[in-house]
Amino acid sequence: MGSPQRKVGKTSEQKIKQILLDASPVSFFLLPLYNGATMGGKIIDNTTAADKTASTNKATAAAKKPTAGIDENGTFRAWDNAKTVAKSKKTESSASSVEALAADKKALAKTAKNLAAAKAIDPNAKAPKKKLAAYTDDQIHHLDALEHIRLRSGMYIGRLGDGSNQNDGIYILIKEIIDNAVDEFIVGFGTKIDVTIKENRVTVRDYGRGIPLGKVIECVSEINTGAKYNDDVFQFSVGMNGVGTKAVNALSSYFRVVSIRDGKCTSAEFAKGKLTSKKTGTLKQPQPNGTYFEFVPDEEIFGKYSFNLEYVRKRMWNYAYLNAGLTIHFNDEDFISENGLLDLLSNEIESGSIYKIGSYRGDHLQFAFTHTNTYGENYFSFVNGQYTSDGGTHLNAFKEGFIKGVNDFFHASYKSEDVREGITAAVLVKVKDPIFESQTKNKLGNTDIRQWIVSETQSGLDDWLHKNPKEAEMLQKKIEANEKLRTELSSVKKQAKENAIKVSIRIPKLKDCRYFMKDGKKGENSMIFITEGDSASGTMTHSRNADYQAIFSLRGKPENMYGKKQSDIYKNDELYQLMMALGIENSVENLKYSKIVIATDADNDGFHIRNLVLTFFLGYFEELVTSGRVFILETPLFRVRNKKDNIYCYSEQERDAALKKLGANAEVSRFKGLGEINPDEFKQFITPETMHLTPVEISQLKIIPQLLSFYMGKNTPERRKFIEEHLLSNAEIDV
């Protein structure tokens, strides 16, 4: 479930193998209490004779030794005494002051050293300094649209990446081109799309209407140019902003477009967004109308990259599920679905559903759903064929409508958590003017569609339940079982919470950060590192950015929770504290951090701990993984250095290449544990811009039980045989 080396192109299954308490000092000026009050400069005496005698004795004593307060003459003496004490303290602490100054000097030296180390890894420091030019008319530059895309590519396609993550930019380029082809299918033109990827060269051929021949060059090179602004031509398009194809052109070292219409065609070729050739003419042999694209993502932008074809296949299946009747031919394999979202869920969960999969198909809203015996909730949400990994208005409205539909049908008032526990659902909505919260379209922001989706979901579900009484009965039993389980868990959770409070108000092993997901932009990079032991967490504590990086330290190997009841995880103190640290002890929706990063040593114990933590998440909080929140921190295995250069290597191949570059006399260090890396050195390995994170991904939900059973179940002989044959030699296996 985890790999000691960072390998690009591995399938998802193989990837799985302070608070600073500032208390402002408050000064209290306590005036002495006495039984007299002053009025007009005279003392009004209300004491008895006995009291006067006692006062006389006290005054005599006070005359001998002045104290804070008012003496027998009515003089206020507090400041005299305070000055005396202050002088004596200053005299007594002269020696300690010298020690304090020395400590301060040492601390300042350490701070200066840390600051110098931080500046040393600043990438801007390596750039040669330039003399500031005069700010004149000549210094004002204009970038054309495609130049701006190349300069600020993140604004248009999100992340760049090397292809090891399914959201990397090279996959976004493919998506932008195929989206256009799918848009043609949606409006009734072309039922087939041909796609190939060979040696990083991508081709896409659709059989739609083809781009009007006189506007081919403008449509692929001029921003805000296209027909998708005209709803007489495209009504439910994914690409509505006129940028997608232009971004592909700008970010490709080679880009070619050919449009075919009624026996004539126009073709154009570009290099990094610059037109290199164009041609218009009549075809010698007839071909179906449509558009052909060919491009190679530019290594100058993306660096060394490679396509993981498993990621591409998953995208092709999504296109097929969302467009029943469309055939996508990708690298000699056909992707086609007759039943849309119902097929999607069937392939995801196979035989794990409690009742047969329910579905509804309207003109602009489709959904499919079922319940399984797993914990948590899983959703696949789409807008106009675009997968919205972060959901949005449509998904929230579906959830609301589903609850209302269930309660309306059963004439009940079930709690939402009881209805949704164990649900797996897919939702597709068609919106005329979708408003996405980012260029990569991961979350829908339209608010005007909420009431419509709530109402249609409620009515569509009610209709299906009436037509499927047996399934309705099984759904009700599942909800009642969830209700019973929740009641039982509530007492266990209450006891766990009380035990945690007895230990400490704070979570003992958590070093928290300042900003969380709920804090918006400040917390969008928030993350928590789950480490093993105090050594690793100590190193990380001195290297982290406390604004958005938190650390939770495990005591060692946590308990293997495979096959345990859900109530058992609340009885395990360490795992309960981990849930509290994440904020998920009551609901996954309360997750505090954007990323959960498992950071363990690159040895057998570290990999075992990694698998135990993943087993915990996959068994009880599956949606954390399926929603892309869980990552593995990859730290370098080797450091190769000479007197001038340091090269950090994440594999033996990188080590050998570094040795070749720096020469045979270079020194090689092997990092076995995170605690072995110097904190100043370690900082670069957890800085977002230079951090190597491998996402934990699942290609299909149905493989989770199989994976957990094989790797974490009781089949020790079978697992050992597999490890011996495929992973390690006998000498490398820990007995």
Side-chain angles (χ1 to χ4, degrees), residues 171-197 202-212 215-216 219-220 226-242 244-245 248 257-262 265 287-295 312-344 359 361-368 380-388 426-434 436 441:
Y171 303 112
I172 303 300
L173 300 188
I174 298 175
K175 183 194 79 67
E176 293 291 352
I177 298 298
I178 296 179
D179 281 350
N180 292 333
V182 171
D183 287 339
E184 286 291 311
F185 167 79
I186 289 174
V187 294
F189 297 92
T191 59
K192 181 183 177 183
I193 301 172
D194 296 325
V195 183
T196 67
I197 299 178
V202 182
T203 69
V204 178
R205 166 70 153 102
D206 70 47
Y207 298 87
R209 292 163 291 184
I211 302 172
K215 293 291 183 179
V216 170
C219 282
V220 300
K228 294 180 183 178
Y229 302 105
N230 185 345
D231 59 17
D232 293 330
V233 181
F234 293 94
Q235 294 186 338
F236 298 103
S237 170
V238 175
M240 295 289 286
N241 52 20
T245 309
V248 181
V257 57
V258 181
S259 179
I260 303 167
R261 296 187 70 147
D262 304 324
C265 76
Q287 290 190 32
N289 286 352
T291 310
Y292 171 86
F293 290 96
E294 182 179 347
F295 66 92
V312 181
R313 290 183 75 257
K314 187 172 183 178
R315 285 181 180 271
M316 299 305 149
W317 272 123
N318 282 344
Y319 281 119
Y321 293 139
L322 301 177
N323 300 279
L326 172 66
T327 298
I328 298 182
H329 186 75
F330 170 58
N331 281 8
D332 301 323
E333 182 179 2
D334 285 336
F335 296 78
I336 185 169
S337 169
E338 295 297 337
N339 301 305
L341 297 182
L342 197 150
D343 287 344
L344 187 158
S359 65
R361 181 179 291 188
D363 292 335
H364 303 135
L365 173 67
Q366 299 176 31
F367 61 82
F380 303 89
S381 67
F382 305 87
V383 177
N384 297 358
Q386 166 67 33
Y387 176 51
T388 46
V427 184
L428 166 63
V429 62
K430 294 181 180 179
V431 182
K432 196 169 184 179
D433 296 307
F436 294 103
K441 309 181 182 77

TODO: Rounded to the nearest 0.5 Å, what's the gap from CG on Asp183 to CG on Asp179? Could you check?
DONE: 6.5 Å
- [ ] Measure from the side-chain N and O atoms of Asn323 to the backbone N and O of Ile186, and report whether any donor-acceptor pair falls under 3.5 Å.
- [x] no
Open item on the list: Show the nearest heavy-atom pair for residues Tyr207 and Lys192, with the distance to one decimal.
Closed with: CD1-O, 3.1 Å
Open item on the list: Treating Asn289 as the side-chain partner and Asp262 as the backbone partner, does any N or O pair qualify as donor plus acceptor under 3.5 Å?
Closed with: yes
Task: Contacts of type side chain to side chain donor-acceptor pair (under 3.5 Å), residue Gln287, not counting sequence neighbours - done: none
Open item on the list: According to ring-ring contact (aromatic ring centres under 6.0 Å, His included), who are the partners of Tyr319, at least two apart in sequence or on a separate chain?
Closed with: none
- [ ] Give a yes or no answer on whether the side chain of Glu184 reaches the backbone of Arg209 with a donor-acceptor pair at less than 3.5 Å.
- [x] yes
Task: Interatomic distance, Asn318 atom CG to Tyr387 atom OH [nearest 0.5 angstrom] - done: 8.0 Å
Open item on the list: Using side-chain contact (heavy atoms from CB on, under 4.5 Å), reason through Asp332 and Thr196 one step at a time and then give a plain yes or no.
Closed with: CA-CA 8 Å; Asp332 301 323; Thr196 67; over 6 Å; no
TODO: Return the minimal non-hydrogen interatomic distance between Ile336 and Glu338, and the atom names on each side.
DONE: CD1-OE2, 3.9 Å
TODO: Report the C-alpha distance between Phe293 and Val195 in whole Å, list the side-chain angles of each, state the deciding distance to 0.1 Å, and finish with yes or no for side-chain contact (heavy atoms from CB on, under 4.5 Å).
DONE: CA-CA 10 Å; Phe293 290 96; Val195 183; over 6 Å; no
TODO: State the CD1-CD distance between Ile178 and Glu176, to the nearest 0.5 angstrom.
DONE: 10.5 Å
TODO: Of all the heavy-atom pairs spanning Thr191 and Phe185, show the shortest one and how long it is.
DONE: CA-CD1, 4.0 Å
Open item on the list: I'd like to know if the side chain of Arg205 and the backbone of Asp194 have a donor-acceptor N/O pair within less than 3.5 Å.
Closed with: no
Open item on the list: My understanding is that only residues two or more places apart in sequence, or in another chain, count here; which of them pass side chain to side chain donor-acceptor pair (under 3.5 Å) with Tyr292?
Closed with: Glu294
Task: Donor-acceptor pair between Thr245 and Asn180 side chains, under 3.5 angstrom - done: yes
- [ ] Sequence neighbours left out, what passes side-chain contact (heavy atoms from CB on, under 4.5 Å) with Ala368? Give chain and number order.
- [x] Leu341, Leu345, Ile357, Ser359
Open item on the list: Quick check: closest heavy atoms across Thr291 and Ile211, and the distance to 0.1 Å?
Closed with: OG1-N, 3.5 Å
TODO: Going by the side chain to side chain contact (heavy atoms under 4.5 Å, CB included) test, name the single residue among Asp334, Asn331, Ile328 that passes it with Met316.
DONE: Ile328
- [ ] Verify side-chain contact (heavy atoms from CB on, under 4.5 Å) between Ile174 and Ile197, making sure each step is shown before the conclusion.
- [x] CA-CA 10 Å; Ile174 298 175; Ile197 299 178; 3.6 Å; yes
Task: Inter-residue atom distance Phe367.CZ - Leu428.CG, 0.5 Å rounding - done: 12.0 Å
TODO: Identify, with sequence neighbours excluded, every residue that meets ring-ring contact (aromatic ring centres under 6.0 Å, His included) alongside Phe335.
DONE: Trp317
Open item on the list: Show the nearest heavy-atom pair for residues Lys430 and Asn384, with the distance to one decimal.
Closed with: CA-OD1, 3.0 Å
TODO: List for me each residue that meets side chain to side chain donor-acceptor pair (under 3.5 Å) alongside Asp343, sequence neighbours excluded, and say none if there are none.
DONE: Ser337, Asn339
- [ ] For residues Gly210 and Ser259, report the shortest heavy-atom separation together with the two atoms involved.
- [x] C-OG, 3.5 Å
